[in-house]
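Below is one structure; the comments refer to it alone.
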Amino acid sequence: MSRPVARRAKQVPLRTHWIVLTMLLVCLSSMLLLNGYTRHLFGAEPDGAVTSGGPAGAVPRAIAGGGPVIDAQPGEVRSVRPANRTIALTFDDGPDPVWTPKVLDVLKAQRVKATFFVVGTEVAAHPALARRIVAEGHQIGMHTFTHANLSTAPGWRRSLELRQSQLVLAGATGLSTPLLRPPYSSEPDALTDADWTAIQETRQAGYLTVLTTQDSQDWRRPGTAKVIANSTPRGTAGQVLLMHDAGGDRSETVAALAKLIPALKARGFKFATVSDAVGLPQPTHGAGLLARGRGLAAIWAMRVSDGVQSLLTWFLYAAGALSVLRAITTVWAARRHARMRDWSWGEPVTEPVSVIIPAYNESAGIGAAIRSLVASDHPIEVIVVDDGSTDGTADIVEAMGIRGVRVIRQRNAGKPVALNTGLQAAHFDLVVMVDGDTVFERDAVRMLVQPFADPSVGAVSGNAKVGNRRGLLGRWQHIEYVVGFNLDRRLFDLAECMPTVPGAVGGFRRTALERIGGLSEVTLAEDTDLTMALCRDGWRVVYEERAVAWTEAPASLGALWRQRYRWCYGTLQAMWKHRGAWVQRGQAGKLGRRGLTYLLLFQVLLPLLAPVVDVFAIYGLVFLDPLRVGLVWLGFLALQFAMGCFAFHLDGERAGPLWTLPLQQFVYRQLMYLVVIQSVFTALAGSRLRWQRMERYGSLRSPASTEGFP
């Protein structure tokens with residue numbers, strides 16, 4: 001058998017990937033923080049629906065009994081009223097894409113100018129409407145950035161609300177304005193000490209406060225007639241009339257305006273902007289070039305944050321749908337597979353088996369592995385291929401002096417080459433490949449080779465279980481093996497699209513291996529590459545759950561990361577190498593359209609999307625309904641727990657370790673997500689990794705029946 005030619009690995013520093021990932025994470029967090037603040041961290045109630053209440057002893061009498069336009073300059077506190085028979089129409093909470101244009105149309109038809117107190121986030125969302133307000137000669141003022149209650153907001157937020165409102169207004173219209181109407185304000189005589197403190201602080205920032213003298217109460221939607229009645233002055237005194245062009249259905253406001261304006265004109269009233277109504281010089285002025293540029297940047301940042309939030313919402317739906325789909329698919333397949341336990345492949349397979357162990361520095365566990373194999377109830381030969389070990393692995397095996405166990409020494413060339421060397425030395429047609437840290441049950445080899453009674457079967461996957469289950473990390477890997485790997489293998493077996501026979505316990509027909517040229521060195525996941533090659537060659541690969549072997553799982557997060565990174569990246573390599581299976585027919589087509597599609601959806605795409613669930617959980621706890629978010633998270637956890645109970649029952653395992661599932665979400669799952677993300681980054685960058693060996697701890701022991709074997 002020819003040996004595959006080794007390819008030089010292109011090594012690209014992985015640090016760059018982490019820098020890029022960190023930058024993406026920072027940008028994503030910033031966008032979500034901006035979106036959460038602008039869309040969720042503010043009062044959604046209309047102005048008149050909230051009454052502050054509280055002591056008012058600090059409010060000057062001249063202000064409480066004065067006009068609606070207040071200048072709170074220290075030492076020169078004063079207020080002014082509109083001129084007699086003058087009405088300043090004011091509209092809050094806009095601009096709104098539906099109702100603001102209709103209000104503007106009515107005002108244009110009636111040749112009336114008004115003042116619009118706009119919300120910064122709405123200006124950013126609809127800058128063209130803000131420009132239309134200005135272009136048609138109306139006055140513009142601020143209603144804070146997020147409709148925040150300035151009387152109860154801390155100082156930092158008041159400052160932020162004013163700065164951002166002014167910035168966005170400059171970016172949208174090129175103007176700056178000192179006119180401010182605090183949300184949830186009303187008439188001067190309703191001011192409290194908290195309101196007055198906020199007014200004084202905003203004056204220090206250069207703002208004039210504009211309150212009201214008459215409330216149309218259109219926010220209540222009392223009917224057009226009632227809105228007109230509430231808006232009609234009782235005498236001839238000038239008024240600052242509060243109306244709304246946003247915040248819900250404003251059809252009553254639009255209809256009332258069309259009737260109210262002509263009626264009041266007929267009574268001798270005139271309409272003016274706030275500044276004209278009280279005799280102030282034009283308050284608005286052009287913003288500087290820098291302010292305009294920063295304002296445009298802020299507007300685009302908000303648009304991007306909205307887009308990111310919308311995109312992540314769809315990702316959340318996709319992740320949820322994929323999770324539910326995987327649960328339904330795997331449970332359904334596993335139930336059908338369980339009914340096939342009494343399936344007979346034909347006459348019992350009794351022919352001897354060659355067991356190949358590729359070994360590189362396996363001194364910690366090689367003894368237990370060999371003792372478990374030679375205690376098998378099936379005839380075997382054991383071939384240990386020492387791949388240039390430096391810890392005396394070959395010496396340990398030779399010192400055991402066990403008949404039927406051979407040692408082949410070679411220079412270090414990698415696991416695939418070691419396996420190919422073992423194949424060349426094997427005497428029998430049926431071959432079992434195992435890792436040097438794996439301990440077999442007594443009947444594992446016999447169970448593993450029974451499917452070869454069917455001549456169409458080219459490989460058999462055994463049931464690998466985690467042997468070192470102590471501690472959280474061991475339990476988490478135990479859960480993953482049972483719930484993830486073994487459930488998936490049942491589905492793959494049923495669908496005849498098995499993509500991987502694990503290196504820990506796998507059986508092969510030697511003639512099938514020779515037909516595809518043996519094991520390849522071009523991917524890091526040689527077991528996955530080999531299995532896919534067999535499927536594409538027309539061989540059937542099956543799962544035998546009764547062939548149980550115990551493997552040593554990584555005992556540290558670092559070792560786990562290296563192992564799973566190699567697995568994941570190698571799987572991506574194998575998927576790309578065998579992508580042609582998607583368009584093939586027969587057994588190869590089953591691998592492509594069933595197996596590779598499943599891997600792409602549930603082992604690549606789902607882990608990439610799964611962090612969205614966690615990101616949204618944090619986002620929701622801060623900005624949305626924590627109870628609802630908690631229930632959604634518990635729903636995902638309940639789904640995983642139900643799958644876990646089912647999988648543990650099928651594998652005959654006690655469900656005790658499942659209590660660690662909630663903790664697994666915060667550490668283990670995140671690590672697995674990062675593994676996939678890093679692997680995808682590495683693949684997209686076109687870099688290659690060398691084979692990485694896992695550290696062995698010697699934590700497994702051979703079954704009791706083999707202890708004391710010579």
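By convention here, the first residue in the shown sequence is residue 1.
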Spacing of [atom1] belonging to [X] relative to [atom2] belonging to [Y], to within rounding of 0.5 Å:
X: L513; Y: T511; atom1: CG; atom2: OG1; value: 8.0 Å
X: Q410; Y: T421; atom1: CD; atom2: OG1; value: 4.0 Å
X: E526; Y: K415; atom1: CD; atom2: NZ; value: 4.5 Å
X: N486; Y: L491; atom1: CG; atom2: CG; value: 12.5 Å
X: D529; Y: T500; atom1: CG; atom2: OG1; value: 10.0 Å
X: C27; Y: L32; atom1: SG; atom2: CG; value: 11.0 Å

key: Chi angles and distances behind the side-chain contact (heavy atoms from CB on, under 4.5 Å) call for I357, T438   = CA-CA 10 Å; I357 306 177; T438 304; over 6 Å; no
Report yes or no: does [X] contribute a side-chain atom to a donor-acceptor pair with the main-chain N or O of [Y] at less than 3.5 Å?
X: D387; Y: G414; value: yes
X: S461; Y: V501; value: no
X: T660; Y: L663; value: no
X: R442; Y: A375; value: yes
X: T523; Y: Q573; value: no
X: R509; Y: V457; value: yes
X: R546; Y: L448; value: no
X: S372; Y: A369; value: yes
X: Q477; Y: P554; value: yes

So which atom in [X] and which in [Y] form the shortest heavy-atom distance, rounded to 0.1 Å?
X: S323; Y: L606; value: OG-CD1, 3.7 Å
X: T393; Y: S363; value: OG1-N, 3.3 Å
X: D391; Y: E362; value: OD2-N, 3.5 Å
X: W476; Y: Q664; value: O-NE2, 3.4 Å
X: L473; Y: L560; value: CD1-CD2, 3.7 Å
X: P502; Y: G462; value: CG-O, 4.3 Å

Can you see whether [X] engages [Y] through a side-chain donor-acceptor pair at a distance of less than 3.5 angstrom?
X: R536; Y: Q587; answer: no
X: Y598; Y: D488; answer: yes
X: Y668; Y: E480; answer: yes

Tell me, do [X] and [Y] make a side-chain contact under 4.5 Å, heavy atoms counted?
X: F440; Y: W550; value: no
X: V667; Y: L671; value: no
X: L519; Y: L423; value: yes
X: W539; Y: R515; value: yes
X: H378; Y: V449; value: yes
X: R409; Y: V384; value: no
X: P499; Y: L596; value: no
X: D443; Y: M447; value: yes

inquiry  = Is there a side-chain hydrogen bond (donor to acceptor under 3.5 Å, both in side chains) between W582 and T597? Walk through the geometry before answering.
reply    = CA-CA 8 Å; W582 262 301; T597 299; 3.0 Å; yes
task = Would you check, one step at a time, whether the test salt bridge (Lys or Arg N to Asp or Glu O under 4.0 Å) holds for R469 with E653?
result = CA-CA 12 Å; R469 304 178 181 180; E653 297 281 353; 2.9 Å; yes
request  = May I ask you to decide if the ring planes of Y317 and W314 are parallel, tilted or perpendicular, using 30° and 60° as cut-offs?
outcome  =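 Rings of Y317 and W314: perpendicular, over 60°.
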V385/L419 under side-chain contact (heavy atoms from CB on, under 4.5 Å): CA gap, chis, key distance, verdict = CA-CA 7 Å; V385 182; L419 287 170; over 6 Å; no
inquiry  = For a side-chain contact (heavy atoms from CB on, under 4.5 Å) check, start with the C-alpha distance between V542 and M498, then their side-chain angles and the critical distance, and finish with the verdict.
reply    = CA-CA 7 Å; V542 300; M498 187 77 67; 5.8 Å; no
task = Count the heavy atoms belonging to other residues, nucleotides or ligands that lie under 6.0 Å from CZ of F485, then report whether that count exceeds 12.
result =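 Enclosed: over 12 neighbouring heavy atoms sit under 6.0 Å from CZ of F485.
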message = Under the salt bridge (charged side-chain N to carboxylate O under 4.0 Å, His left out) test against E496, which residue among R593, K590, R594 passes?
response =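 Exactly one candidate clears the test, K590.
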ask   = In terms of side-chain geometry, is the basic nitrogen of D386 or R411 positioned less than 4.0 Å from the acidic oxygen of its partner?
value =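 No, D386 and R411 are not salt-bridged.
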query = Checking side-chain contact (heavy atoms from CB on, under 4.5 Å) for the pair M400/V405: CA distance, chi angles, key distance, verdict?
reply = CA-CA 9 Å; M400 295 174 70; V405 177; over 6 Å; no
